[in-house]
Participant: 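Right, I'll just put the structure down here and ask away after.
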Amino acid sequence: MLNQGRCLVWTVAGIALLATVASAAGDASLWDRGKLDYPPLREVRLPQVDRHVLPNGLVIYILADRDFPVVQGRILVRAGSMLDSEEKAGLASIAGTVLRTGGSAKFPGDDLDKRLEAIGASVEFELGMTEGSGSFWCLEENTSEVLTILADLLRRPSFAEEKLDLAKAEMHRAVASRNDEPMDIIFREGGRLVWGPRHPYGFRPEHETINRLQRQDLVEFHQRHFFPDRIYLTLWGDFETQEILTQITALFGDWSPAGTAAPPRPAAPAIVPGGGLAFAQKTGMTNAWVFVGHLGIQADNEDFAAMNVLGEILGGSFASRLFNEIRTKRGLAYAAGGNPGTDFPRPGIFSGYAGTRTDSALVVLGLIRREIGRITEEPVTEAELKKAKDTILNSYVFRFASKGQIAARMAYLDFNGYPADFTATYPEKVRKLTVQDLRAAARRNIHPDDLQMLVLGNEKEFAQPLSSLGRPYQLIDLTIPEPAVEIETVEATPASLEEGRKLLAAAAKATGGAAWSSVKSISTDFHGGWKVADQEIIFTGRTVRALQGRAYVNQKLPFGELVMAVTDSVGWRKIASSPILDLTPQEIAQLREEAARDLWSLFAKKESYQAQALDPEELEGKACDVLRIKGGGLSQTLLFLDRSTKMPVALRYPGKSSTGEPAMVTEVFSDFRPVGGVKIPHTTRTLHDGQLAITRTADQVVINADIPPVLFERPRP
Amino acid sequence: MICSRFVIAGVALALLFAVSGALGAGGGEEPGGFAGLENQVREFTLPNGLTFLVLERREVPVFAFRTYVDAGSVDEVAGVTGIAHMFEHMAFKGTPHIGTTDFPSEKESLAKVDRAWADLLAERRKRHRADSTRIRELETLFKAAQEEAGRYVVSNDFGSILEQEGANGLNAGTGFDATEFYYDLPSNKLELWAMMEGDRLANPVLREFYKERDVVIEERRMRIESSPSGRLVEELLQTAFVAHPYGNGLVGHRSDLESFTREEAEEFYRRHYVAKNMTIALVGDVDFATVQKLARKYFSGIPDAPVPPPVDTVEPPQKAEKRLVMEDEAQPMAFLAYHMPDRNDRRYQAYLALADILGRGRSSRLYTGLVKEDRVAVEAGSFASLPGEKYPSILFVYTVPAPGTDPDSVVSAFDRRVGGLLRERPVTQEELDGYKTRARARFWREIQSNQGMAGQLAYYQMMTGDWRNLFKQIDQVNAVRVEDVMKAARESLREENRTVAVLRQKSAS
């Protein structure tokens, strides 16, 4: 920081200058912002944008702009995930992705990506909740080619099977990780509480719904919804208007219209009087989270401007009421804010939220409710009103930051049925608002008693339990439902059960008979390979299974070492250098099921299972007896036995592929060797939906080794 | 500053055309366009040496500015590495007039913080003879002094003021060569901008300095220490550069960070943040004369001091291949660093073309060769000018071996591909034309926005000495010939000119 003392070391001329400078720096009134008098902001002069409608209904907004030799544009389509059925939730989103990635017959996916990259151009597309939106950018010299590509993707997408598989895998990963971030959870689940889980806006993709999607669904979706009279194109850049119009007409003009209106958006549900309270238990977060909300309004509502201003005051920034009360004053929250709940194509969700100290979740819930109540009861202050108006009005101009952006916004408003002067008249509506206007709007649109409330966290850490709120609450289970890959059910008869019992006994005898009951533990050192996508990952490791439901796994993978252990109903795991974590109930259940399915369990405790003989099948070139095993912790497991020797050939059960998708798993056994009186398979090949995925070879198997109990115990961190 | 009649007339004409262009849609007849823009850029320099570049674009009532300071981590000295990057974090902490409830009192508190830190540092410097009890006492005193000073701080004042006044995209960034500050504002707030930016540059207050220093240490931990590729790149640069400061990290050595003092930061600031060492570009709905007036009023306080000398050290030519091997549980990687010339060298454009053709995108030699054909890598690419461009730097090649492939095999495969490029399959005209198209596309994308244009004007002015070089860029790209690219390849893609860094998996225990 400068001060006069240090200035003296510089040149004489410098000193003379700096004398004035020093006084300037010391002259506080020079830096007094209060003295500033801003001229009014110059009105945004909307450029002249031409609007054309082709005979088939395609709407085109065109703006010629010669500043730079580039051309760009936006696409809007009347289709979105609001059209999904519950059983196929995720269809629209995937259709939007694969429309682009799958290319067309003329421009196949990977070639298309390469070509666009080569010419520095881009074409993007996605289907959102209420509409599809896309964009493109290219050098002027490539306009014709890029427009041709765009037309082909919109009209004749290939929906290439391999790109569909990729998109499904991506969505499976997204579903699997949808509970990783607390803010994702509260806004998603909060939204579902407001819309209701039966409402299309409340649907969410699940593994099962993604699995159901076939290429034909995408083709049908496209056929049903993509028509020129449901599409808006906006183009701006270095072209002649007439010339570009001719090109667009040539590319799109012969596309037959739907002739009917697009499906309407789903009606908004009524706000439930009294609202509701819900709780989702989640451990392992550094904060608890709170969300409250109810249905908001659409931009054509007369209170649109007022609600935006109220939203700014309530939860728009660091100076907002929510932030101030919860964080600044009380230090209870890491994040706090709100949303006015105004939106264009449909009503938004009026909401408040906070990420709080884990013990304070209910206190913060109370504070948020109180602030929402307060804003409907007392008028806001003049100072708050001014600050909120300033923030909104001062940044409003950035919606018009470029001519192209202006054109795109015009098209968007038109597409959603808003009058052409909507944007221009909005600032005045904001400016005119008084504190009384806001209070009236708050009373009309904010309903503190009808809020849907959601608390997310570990109830054990709350200072007070949820029941202390004195009202019934819904428990939200965040568990992500497993996909249903099933073994086909065949009715069991006494004969097939008796046959099954005999076959199971025969297999037990063939592999050791009475010796199985002397087995107390099996330790296996192994190595193997695991196929993921095109690559193979090598691993080594050791497993130990012991009585009383104890199991231990130590596996060395490229990214680090995985260690896991379970003792009946508790377990822990550690991956690489991450901290030690408790196993979740689901993980423990899964390990239990694995133990129950182990050949040792099946043969040593065969009486606790129900074995049903099914029709024989051929597997791996062998004629096999097939048993369906139930009970003893299993529900759907098939055991294949060699018809002649009764040695186990394979186990089959529903599971997951290496990428987390549901798959039918088949473990094929070979290289049985005697160890400690029983026969243990030394090679296991695991297939996912018939494809080889994992190979494991035992280097050493020890029966009844000396196992220190501490092996299963959770290590000190 | 150069207000000749000719320039004024030219500007007026160009303005007329620009205005009519905005009103007419399909017209587009005006000779302006991009070429016209060059004539619309005006400059002036204050008596203290601070140069302003102004481009009026009146369509929308907003403007963008970029303050570009020719100071980056390359200017740091041993013992104080990481100090340049601190100013990215300090950028908007405020001044005596912004961000404080009572500056005179705060100033005293800050002095106390500095003294408490000096005492703690002195005890720590005793190293094995330090008294751990005393250290704990001093740490407590230091913490208390910081809390005391913190009571005067108005958190995020600078940012909040700007937010309320409609600012968009408030940001700061440090690189090896330079530090930049920027945001956009509605154009009726020009004087507010001038006041706040002028105050900030002339009178910064480094409040919450030690707190931010801790944030930077955490950032270093996350980005480098916890990231195998971050560590590998750091080692690679340290090995590739034996003399030149490009071999130091951007974030600094941890021990340097831990021993920073506010005085060291202020000293760096005094030396580098002088008027002649920065350029401010404004693009948008601003009036040149008004900018000049406001500049004189608010920016004259930035010291008129000599530009600090550039880095005199020239990295000596590398005479032998260097290899370093790191073992880690992470995914294997292989990086290669080849020395290449600086931005102002006449061979530079050819090197950009080489890096692009060699390793940028799915049609590049590396991708098609190593990923698609040989299948030894799952990722492979290259880019020029790591870690900076002001001085001779590095053409950087990165590869991620396919599972089961040893990184050294990938390097061998790479060598075969380089051999192919140098001998049997030289760069083709088609490849070069593809690069030129992509370079043009990137160029236009960058300057389409006010902020992009402001950034490029300031960059060309400081990096190349003249903002006009921006308008020569496309011609320079187009002038590159296949022979130039081959010459660059033969010159640099030699084993004696490279450092190879390999991350290998720890052998299973």
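Remember, it's a predicted structure, so these values are computed and weren't measured experimentally. Every chain is numbered from 1, with letters handed out A, B, ... down the list of sequences. Computation of the quantities below employed the complete heavy-atom set of this structure, encompassing side-chain atoms and omitting hydrogens, waters and symmetry-equivalent molecules.
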Participant: Any chance you could lay out the side-chain contact (heavy atoms from CB on, under 4.5 Å) test for Arg438(B) and Ile119(A), step after step, and finish with the verdict?
Facilitator: CA-CA 6 Å; Arg438(B) 286 189 293 283; Ile119(A) 58 176; over 6 Å; no
Participant: Does Arg42(A) reach the main-chain N or O of Arg58(B) with its side chain, forming a donor-acceptor pair under 3.5 Å?
Facilitator: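 At least one qualifying donor-acceptor pair exists.
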Participant: Assess, by modelled atom type and distance only, whether the side chains of Glu140(A) and Trp444(B) contain a donor and an acceptor separated by less than 3.5 Å.
Facilitator: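 Looking only at side-chain atoms, Trp444(B) and Glu140(A) do not form any donor-acceptor pair under 3.5 Å.
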Participant: So do the side chains of Phe398(A) and Pro186(B) get within less than 4.5 Å of each other, counting heavy atoms only?
Facilitator: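 Yes; the side chains approach each other to less than 4.5 Å.
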Participant: I'd like to verify something: which residue of Gln72(A), Glu243(A), Gln242(A) has the highest number of heavy-atom pairs under 4.5 Å with chain B?
Facilitator: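 That would be Gln72(A).
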Participant: Tell me, side chain or backbone of Asp110(A) under 4.5 Å from chain B's heavy atoms, or both, or neither?
Facilitator: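 It is neither, since no heavy atom gets under 4.5 Å.
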Participant: Once you measure the plane-to-plane angle for Trp31(A) and Tyr298(B), does it fall in the parallel (<30°), tilted (30-60°) or perpendicular (>60°) bin?
Facilitator: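 Tilted.
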Participant: In Å and rounded to the nearest 0.5 Å, what is the CG to CG distance from Leu36(A) to Leu192(B)?
Facilitator: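 Here the rounded value is 6.0 Å.
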Participant: Quick one: CZ on Arg362(B) to NZ on Lys114(A), what's the gap to the nearest 0.5 Å?
Facilitator: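 One finds 9.5 Å between CZ of Arg362(B) and NZ of Lys114(A).
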Participant: Select, from Thr95(B), Asp285(B), Asp199(B), the one with the greatest count of heavy-atom pairs under 4.5 Å involving chain A.
Facilitator: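 With the most close heavy-atom pairs to chain A, the winner is Asp199(B).
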Participant: Which distance, rounded to the nearest 0.5 Å, do you find between the CE of Met195(B) and the CG of Asp32(A)?
Facilitator: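 Going from CE on Met195(B) over to CG on Asp32(A), the span is 6.5 Å.
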Participant: Heavy-atom pairs under 4.5 Å with chain A: which of Arg57(B), Gln331(B), Arg360(B) has the most?
Facilitator: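 Ranked by heavy-atom pairs under 4.5 Å with chain A, first place is Arg57(B).
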Participant: Can you check whether Gly120(A)'s main-chain N or O pairs, donor with acceptor, with Arg445(B)'s side chain at less than 3.5 Å?
Facilitator: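 Yes.
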Participant: Name the option with the most non-hydrogen atom pairs under 4.5 Å to chain A; the candidates are Arg375(B), Arg442(B), Arg440(B), Glu267(B).
Facilitator: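 Option with the top pair count is Arg440(B).
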Participant: Nearest 0.5 angstrom please: Lys387(A) NZ to Ser160(B) OG, how far?
Facilitator: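 So the NZ of Lys387(A) and the OG of Ser160(B) are separated by 6.0 Å.
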Participant: Checking heavy atoms, do the side chain of Ala401(A), its backbone, both or neither come under 4.5 Å from chain B?
Facilitator: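 For Ala401(A), backbone heavy atoms alone lie under 4.5 Å from chain B.
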Participant: Distance from Gln164(B) atom CD to Thr391(A) atom OG1, nearest 0.5 Å?
Facilitator: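 Taking CD in Gln164(B) and OG1 in Thr391(A), the distance rounds to 4.5 Å.
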Participant: Under the side-chain contact (heavy atoms from CB on, under 4.5 Å) rule, what do Lys403(A) and Val60(B) come out as? Steps first, then yes or no, please.
Facilitator: CA-CA 8 Å; Lys403(A) 287 184 281 196; Val60(B) 185; 5.5 Å; no
Participant: Hey, which of Leu185(B), Thr405(B), Leu190(B) has the most heavy atom pairs under 4.5 Å with chain A?
Facilitator: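 Answer, by heavy-atom pair count under 4.5 Å with chain A: Leu185(B).
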Participant: What verdict does the side-chain contact (heavy atoms from CB on, under 4.5 Å) test give for Leu41(A) and Lys189(B), after you've listed the backbone C-alpha separation in whole Å, the side-chain angles of each residue and the deciding distance to 0.1 Å?
Facilitator: CA-CA 9 Å; Leu41(A) 189 65; Lys189(B) 304 283 164 66; over 6 Å; no
Participant: Check the pair Leu139(A), Phe443(B) against side-chain contact (heavy atoms from CB on, under 4.5 Å), reporting the backbone distance first and the verdict last.
Facilitator: CA-CA 11 Å; Leu139(A) 291 172; Phe443(B) 178 79; over 6 Å; no
Participant: Is there a donor-acceptor pair under 3.5 Å between the side chain of Asn188(B) and the backbone N or O of Pro39(A)?
Facilitator: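 Side chain of Asn188(B) to backbone of Pro39(A): a pair is present.
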Participant: Tell me, for Glu312(A) versus chain B, whether the close heavy atoms (under 4.5 Å) come from the side chain, the backbone, both or neither.
Facilitator: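 Neither part; nothing is under 4.5 Å.
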Participant: Hey, what do you get for CG (Asp65(A)) to CD (Glu59(B)), rounding to the nearest 0.5 Å?
Facilitator: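 Answer rounded to 0.5 Å: 7.0 Å.
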Participant: Which residue out of Ala388(A), Cys138(A), Pro69(A), Ser402(A) racks up the most heavy-atom pairs below 4.5 Å with chain B?
Facilitator: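 Looking at each of Ala388(A), Cys138(A), Pro69(A), Ser402(A) in turn, Pro69(A) comes out on top.
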Participant: Answer with side chain, backbone, both or neither: which region of Glu536(A) has an atom nearer than 4.5 Å to a non-hydrogen atom of chain B?
Facilitator: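 Contact with chain B: backbone only.
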Participant: Is Gln505(B) reaching over with its side chain to a backbone N or O of Pro558(A), donor-acceptor style, under 3.5 angstrom?
Facilitator: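 Yes; at least one donor-acceptor contact below 3.5 Å.
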